[in-house]
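In what follows, a structure is listed as structure tokens, so that the remarks can point back to it.
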Amino acid sequence: MKNKTQELRALDSAHYIHPFTNTAALAKKGARIITRGEGVYIWDSEGHKIFDAMSGLWCVNVGYGREALARAAYRQLTELPFYNSFFQTANEPAIRLAKLLTEISPPKFKHVFFTGSGSESNDTIVRLVRHYWTCLGNPNKNVIISRWNGYHGSTMAGASLSGMKAMHEQGGLPIPDIEHIEQPYWFGVGRAANPTLTRDEFGVHAARWLEEKIVAIGPERVAAFIGEPVQGAGGVIIPPKTYWPEIQRICNKYGILLISDEVICGFGRTGNWWGCETMGFSPDLMAFAKGVTSGYVPLGGVMVSDKVADVVIRHGDFNHGYTYSGHPVACAVAIENINIIRGEALVTQIRDDSGVYLKAQFEALVDHPLVGEAEACGFMAGLVLVKSKSPLEMFDADLEAGMVCRAHCFDSGLIMRAVGDRMIIAPPLVTTRAQIDEMIALIRHCLDLTYADVKARGWL
Ligand SMILES: *Cc1c(COP(=O)(O)O)cnc(C)c1O
């Protein structure tokens, strides 16, 4: 066992460039090799059992080890492992999944375009909205507005839409005609922008940044606004409840398309099938991926509302598509996954039961001396590590207090992600109340270890 781990680490360091990773630094330490999963737990090659409070990467929503998903893939692999949808052909799983997706979406969504990932979905959206306005005779209406600290993927268009400066620094991004506005982050941005505003007042204030941007660019140039209902990779930033309705009003007023990036929020995570339903807005396009297959196989797509579909379909060819658009195996797994979510009533369970319980338990962590804020929306939650609560003082960002906490989580058998000094979770939707208790106890234990650690380092 030990020898195999060492062998794998050596091969990993020698040949494998990891995503979003300092490969040289990792080579010194050695990667943790994950070998299997069951329910909400994973195991590494040294036999450690770990509570995966991040659902892999926000995707293993029905938990690990689901036989039904493996069987669906096997059945489809033996019957028809691949066929494309380019040349006036189709396959049954893709057709049935398209229908199923319209059943779980708001009624205006009757069409879907399949991709292989969330990034590809957002690339598709960039092309689709620009094509839409061109079809309507407005080829210069092509600017897409998104937010700083939003995440929309890592392809050229996805990373351009994303508001991550470290990504823009590499590869000559953003591509032309992408603009960013500040995020609706009450704790981090709101109080600094104007400390006299309440959280809900700040929500409206932050939405007005969109209006200012539209007016500055000229509404005749602006094609669309895109945002995650709740920012995920940016640190689980839950906007004030006033934010999205005001965004909707502004998009309607200026006649620009509204796009919901549902790659994390979709498929039940916020207590509705789609995050826009939880946040109270009605987009024209929705990007999805991750939870559609619970991550068992790659699949993504774009839900297209009648408003957009009618124009684009009427116009003729849409010169866009991927080899794996409508991949039969991925679609077969997605159908089975959605049937599991429905059959086990996971969406209403998050809304009415386990999500309510998680929110109460997680938000109570704010009593810990290190925690400045703790908030949850459905099964995604984030807390901020602070140096002092009163007066409120943050840690020096260079200290990377979040990474210190993450290391204690890692060593204590808990996957909790650090985004700056925000510690975040997004556990599998099947996590039970007893497992929520176990997870919260682990988080508390890790916060205590972190507190003792940063104190010993003289950071408090
Ligand atoms: C993960 C993510 C993406 C990118 O999806 P990939 O499958 O990694 O390409 C896009 N948008 C959001 C909101 C995401 O969380």
Side-chain angles (χ1 to χ4, degrees), residues 18-21 54-61 113-129 144-164 167-168 171 173-174 178 180 183-185 224-239 244 258-270 273-276 278-279 281 283 285-303 322-325 327 330 333-334 337 377-382 417 419 422 424-427 429:
H18 291 230
F20 289 100
T21 299
M54 279 305 299
S55 307
L57 260 180
W58 322 85
C59 52
V60 188
N61 286 357
F113 188 95
F114 288 118
T115 73
S117 69
S119 301
E120 289 177 6
S121 300
N122 286 322
D123 274 55
T124 298
I125 281 175
V126 169
R127 299 201 59 206
L128 194 56
V129 301
I144 303 174
I145 303 174
S146 62
R147 288 132 6 133
W148 293 119
N149 202 36
Y151 187 74
H152 301 291
S154 196
T155 50
M156 293 297 277
S160 295
L161 294 170
S162 297
M164 308 291 186
M167 293 175 77
H168 292 176
L173 300 181
I178 306 285
H180 297 83
Q183 57 179 329
Y185 178 18
F225 174 73
I226 183 169
E228 304 154 81
V230 175
Q231 286 155 259
V236 183
I237 311 292
I238 303 166
W244 278 109
L258 178 52
I259 303 158
S260 188
D261 185 339
E262 298 276 354
V263 171
I264 288 174
C265 294
F267 300 94
R269 184 156 290 284
T270 69
W273 278 102
W274 304 97
C276 58
T278 303
M279 288 293 147
F281 68 104
L285 295 162
M286 301 194 292
F288 67 85
K290 295 188 173 120
V292 66
T293 56
S294 283
Y296 278 57
V297 288
L299 179 70
V302 180
M303 296 306 298
Y322 306 104
T323 299
Y324 299 134
S325 289
H327 194 290
V333 171
N337 178 60
C377 174
F379 259 32
M380 50 200 303
R417 182 161 157 186
V419 180
R422 281 184 79 81
I424 62 175
I425 57 164
L429 306 189

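Atoms within each ligand, like the ligands themselves, are counted from 1 in listed order. Keep in mind that what you see is a predicted model, and the values were worked out from it rather than measured.
- Between the CG atom of Leu299 and the OG1 atom of Thr293 there is a distance of 6.0 Å, given to the nearest 0.5 Å.
- Contact annotation: the side chain of Met380 never approaches that of Ile425 to less than 4.5 Å [non-hydrogen atoms, C-beta and beyond].
- Glu262 and Cys276 make their closest contact through OE2-N, 2.9 Å (heavy atoms, listed as atom of the first residue, atom of the second, distance).
- What you find for Ser121 and Phe288 is that their closest heavy atoms are OG-O, 3.2 Å.
- Listed by chain and number, residues touching ligand 1 at under 4.0 Å (heavy atoms only) are Ser117, Gly118, Ser119, Asn122, Tyr151, His152, Gly153, Glu228, Asp261, Val263, Ile264, Lys290.
- Using a 30° and 60° split on the angle between ring planes, Trp244 and Phe281 fall in the parallel class, below 30°.
- In this structure, the side chain of His327 does not engage the main chain of Thr115 through any donor-acceptor pair within 3.5 Å.
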